[in-house]
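Report on one structure; see the data block that follows.
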Amino acid sequence: MNVKLNLTLVKERLTTRYVGRNLLYLTQTASTQNVARVEAQQDAPEGTTVLAEEQTGGRGRLGRPWISPAGKNLYLTLVMRPPVKHLRVLSIVAPLAIAEALEGAAGLTCRIKWPNDVLVGGRKIAGMLIETDLAGEAVRYALVGMGVNVNFDVEAAPEIADIATSVRRELGRDGSREEVLAALLNAFEARYTDAQKGDAAFRAWRSRLETLGRRVRATLGERVEEGVAEDVDAQGSLLIRREDGSLVTVEAGDVTLRT
Ligand code: BTN
């Protein structure tokens, strides 16, 4: 049986000023990204949150699907309107907020695989996707999509069973989607505010990076870089020390951790 999210419980726990205050709750949609885009184009206020119980066409990064069964997990998109200089902090703030929410609300220890996969015990528990609309130099809006596996029976999805996990798998019992969601929205606003004032959010994100010090292969389209992930710069780009000693900066991409 699929249980509907209790929005009253979420609202009781919300401490934000604007994130999640305008909340659109959908039983089913193709992708919360699409709904949020329409909202953003119709001048929805910053922090507007589109949440769905089920997505029939959930999207992941790099054109991959995001498995989105009904009533199990969290699928949400935030409409944000950052100044262009703070656009990149969204991809630091989102995984950090998810990690902090899962720790606070479910007691899980979370790490981050650069740039923004949230891992528990080396398996992915959450991911995020940012889609942006720019007008020249200005950001019209950024859509911060987050998918968090809460009560997903990951073993029932053989295509991801080895690489994915959920709160339920980690705890051996169901977690509270309401508590995770409220903690996530609270952490997102707090960390987004931090990120505009100083480097606390960046340092917290960096300290969770599973990737640093590891041998990696980073793929960005046709480009492949291999070496040791030495550090990240203030923009969140990954600095890879190649075998020949040179240092290369990778701004985005897909990283495989090598043994
Ligand atoms: C990834 O790790 O590949 C990113 C996954 C992002 C999934 C979320 S679920 C809510 C929002 N709607 C989508 O279609 N995708 C994002």
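Just follow the structure's listing: the first ligand is 1, and inside any ligand the first atom is 1.
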Side-chain donor/acceptor of [X] to backbone N/O of [Y], under 3.5 Å:
{"X": "Asp199", "Y": "Ala234", "value": "no"}
{"X": "Arg111", "Y": "Leu209", "value": "yes"}
{"X": "Arg61", "Y": "Met128", "value": "no"}

_Between the side chains of Glu189 and Arg21, is the shortest nitrogen-to-carboxylate-oxygen separation below 4.0 Å, so that they form an ion pair?_
no
For Glu159, does the CD atom sit with more than 12 other heavy atoms under 6.0 Å from it, leaving out its own atoms? yes
Identify all N/O pairs between ligand 1 and the protein with a separation under 3.5 Å and present them as a table of atom names and distances.
from, atom 1, to, atom 2, distance (Å)
ligand 1, 2 (O), Lys124, NZ, 2.6
ligand 1, 3 (O), Arg61, N, 2.7
ligand 1, 12 (N), Thr32, OG1, 3.1
ligand 1, 12 (N), Gln55, OE1, 2.9
ligand 1, 14 (O), Ser31, OG, 2.7
ligand 1, 14 (O), Gln55, OE1, 3.4
ligand 1, 14 (O), Arg59, N, 2.7
ligand 1, 15 (N), Arg59, O, 2.7

Which class fits the ring pair Tyr192 and Phe188: parallel under 30°, tilted 30 to 60°, perpendicular over 60°? parallel
